[in-house]
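Shown next, in structure tokens, is the structure this report addresses.
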Amino acid sequence: MDKIETIIIKVNKQNPEKALIKKGADIIKSGGLVAFPTETVYGLGANGLDEKAVKKIFIAKGRPQDNPLILHVAEKDQVSPLVEFISKEAEELMEKFWPGPLTLLFKRSKLVPDCITAGLDTVAIRMPNHPVALALIKASDVPIAAPSANTSGKPSPTLASHVKEDLYGKIHMIIDGGKTGIGVESTVLDMSGDKPLILRPGGVTLEQLREILPYVEEDLSIIKDDENIVPKSPGQKYKHYAPKGEMYLFIGNLDNIVNAIDEYANKYIELGKKVGIMATDETKSKYNKGIILSLGTRKNKEAIARNLFSTLRKFDEKGVDIILAEGVDSQGIGKAIMNRMKKAAGGNIIRV
Ligand code: TXA
Ligand code: MG
């Protein structure tokens, strides 16, 4: 791949400078790639109606072609040309949760390029709740296709520096709007079938969705830890969010978790491995070996979500071989946290 000159610009997060946003929009309009902050994670954007531009996203990320992309809009009016119809329930969800971390799947219209949907008959759409993302979409005047702005398989970026680490020289611009707020990606909710189905847990929780749609269900692949269940969302089947070190995820009673991690740490250190422990404020002082990083307090799972991906990247920077990670409870945003942790651990789950 030819090296691309990557321009990095810093913008005001709350009130992005018009002239700077225009530079990004000009790149989008001319078929280039621009990484930008959303309220969840950084996205890697291209003109969602330009097949050639969208294909560049797959190349820059090394993303499998069969993994469809989300289209990002800034106004609800942008949705109808992209879909066959909008149900009353979908209208209600858009009203309640947009702009915000909820991606809805609709039956697609012919306007949507095949490479966006990976050949499926549905299209994923969301309206991000971030002034920079909204300004960029408006100024570009097209729906922006954007996956998370990381190399495929790596932890999603919550800082512009993470995007730079993965994609410098492969994309045209990085818009730096500081740290993202939620830190895990949007919830993907399929509204195209008979029953609403969550395909990926994310920033909007099951509990929040059930307040509007009491009969929302989750895809079996989210509920079970069985690798033989094929997820309905293609992206969910890949090893994901994976740090370079091998991760083990400990689930169960907190005292048992601490004891088991301590044991594993001893074992791996004896084997000459560099061990990282992904702890929490409540437990970090209980460990006395290895590189200990806390995700934050268990009383604030929102903060844990915000710190998760950057902590995984920090372990990589420190060159650890083994990451021993404490699980959290799955209430609320905990569900998305545990989903990402399980994928990062790639099946190395230890129940204690
Ligand atoms: O918060 C987010 O959603 C971030 C920011 C940048 O908006 N984006 C993001 O995109 O996480 P990506 O590409 O990393 O994840 C999109 C997920 C993938 O698991 C993909 O398979 C699924 O959504 N998806 C997209 N279109 C789909 C479709 N038509 N049917 C089923 N799953 C779909
Ligand atoms: Mg992603």
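Counting convention: from 1, in listed order, for ligands and their atoms alike.
- Salt bridge Glu185/Arg340: present, at least one basic N to carboxylate O contact under 4.0 Å.
- Results of the side chain to side chain contact (heavy atoms under 4.5 Å, CB included) test with Lys61 over Leu44, Asp166, Leu33 single out Leu44 as the only residue that passes.
- Exactly one residue among Arg126, Lys13, Arg306 makes a salt bridge (charged side-chain N to carboxylate O under 4.0 Å, His left out) with Glu39. That residue is Arg126.
- The distance criterion of under 3.5 Å between nitrogen or oxygen atoms is met by Ser233 with respect to ligand 1.
- One finds a salt bridge joining Lys10 and Asp176 here, because a Lys/Arg side-chain nitrogen approaches an Asp/Glu carboxylate oxygen to under 4.0 Å.
- Protein heavy atom closest to atom 15 (O) of ligand 1, with residue, atom name and distance, is Arg200 NH1, 3.0 Å.
- Contact detail for Asn12 and Val132: the closest heavy-atom pair is O-CG2, 4.1 Å.
- At least one heavy atom of His72 sits under 4.0 Å from some atom of ligand 1.
- The minimum heavy-atom distance linking Thr103 with Ser186 is given by the pair OG1-OG, 2.7 Å.
- Among all protein heavy atoms, the one lying closest to atom 29 (N) of ligand 1 is Thr122 OG1, 3.0 Å.
- Look at Asp50 and Lys55 and you find no salt bridge, because none of the NZ, NE, NH1 or NH2 atoms lies under 4.0 Å from a carboxylate O.
- Rounding to the nearest 0.5 angstrom, the gap separating the OG atom in Ser192 from the NZ atom in Lys107 is 4.5 Å.
- Of all protein heavy atoms, the one lying nearest to atom 33 (C) of ligand 1 is Pro68 CG, 3.5 Å.
- Interface atoms of ligand 1 facing Ser148, defined by a heavy-atom separation under 4.0 Å, are 8 (N), 9 (C), 10 (O), 12 (P), 14 (O).
- For the pair Leu249/Lys342, a side-chain contact is recorded, criterion being any heavy-atom separation below 4.5 Å from C-beta on.
- The shortest heavy-atom distance from Arg108 to ligand 1 is not under 4.0 Å.
- Ring to ring, Phe36 and Tyr42 are not that close: their centroids are 6.0 angstrom or more apart.
- Counting all heavy atoms, side chain and backbone alike, Ala60 lies closest to Leu167 at O-CD2, 3.4 Å.
- Each of Asp121, Thr122, Asp114 was evaluated against Arg108; a single residue qualifies, Asp114, per the side chain to side chain donor-acceptor pair (under 3.5 Å) test.
- Look at Pro234 and you'll find a heavy atom under 4.0 Å from some atom of ligand 1.
- Residue Ser186 has at least one N or O atom closer than 3.5 Å to an N or O atom of ligand 1.
- The count of protein N, O or S atoms under 2.8 Å from the Mg ion (ligand 2) stands at 1, with waters excluded from the count.
- Between Phe250 and Tyr264, the distance separating the two ring centers is shorter than 6.0 angstrom.
- Those atoms of ligand 1 that come under 4.0 Å of a heavy atom in Val188, given as number and element, are 23 (O).
- Note: no N/O pair closer than 3.5 Å links Lys61 and ligand 1 by distance alone.
- Assignment of Leu105 to the shell around ligand 1 is supported, since a heavy atom sits closer than 4.0 Å.
- Under 3.5 Å, the side chains of Asn47 and Lys29 contain no donor-acceptor pair of N or O atoms.
- Considering backbone and side-chain atoms together, Arg63 places an N or O closer than 3.5 Å to an N or O of ligand 1.
- Considering backbone and side-chain atoms alike, Glu185 places every N or O at 3.5 Å or more from each N or O of ligand 1.
- Residue-ligand proximity: Pro128 is placed with every non-hydrogen atom at 4.0 Å or more from ligand 1.
- Below 4.0 Å from some heavy atom of Leu120 lie the following atoms of ligand 1, by number and element: 28 (C), 29 (N), 30 (N).
- In the vicinity of Asn67, heavy-atom distances shorter than 4.0 Å reach the ligand 1 atoms 18 (C), 20 (C), 21 (O).
- Salt bridge absent: Asp141 and Lys138 never bring a charged side-chain N and a carboxylate O closer than 4.0 Å.
- The atoms of ligand 1 that sit less than 4.0 Å from any heavy atom of Gly43 are 6 (C).
- Not one N or O of Thr117 is nearer than 3.5 Å to an N or O of ligand 1, by distance alone.
- One finds a salt bridge joining Asp329 and Lys301 here, because a Lys/Arg side-chain nitrogen approaches an Asp/Glu carboxylate oxygen to under 4.0 Å.
- Atoms of ligand 1 lying under 4.0 Å from any heavy atom of Arg126, numbered from 1 in the order shown and given with element: 1 (O), 2 (C), 3 (O), 5 (C), 7 (O).
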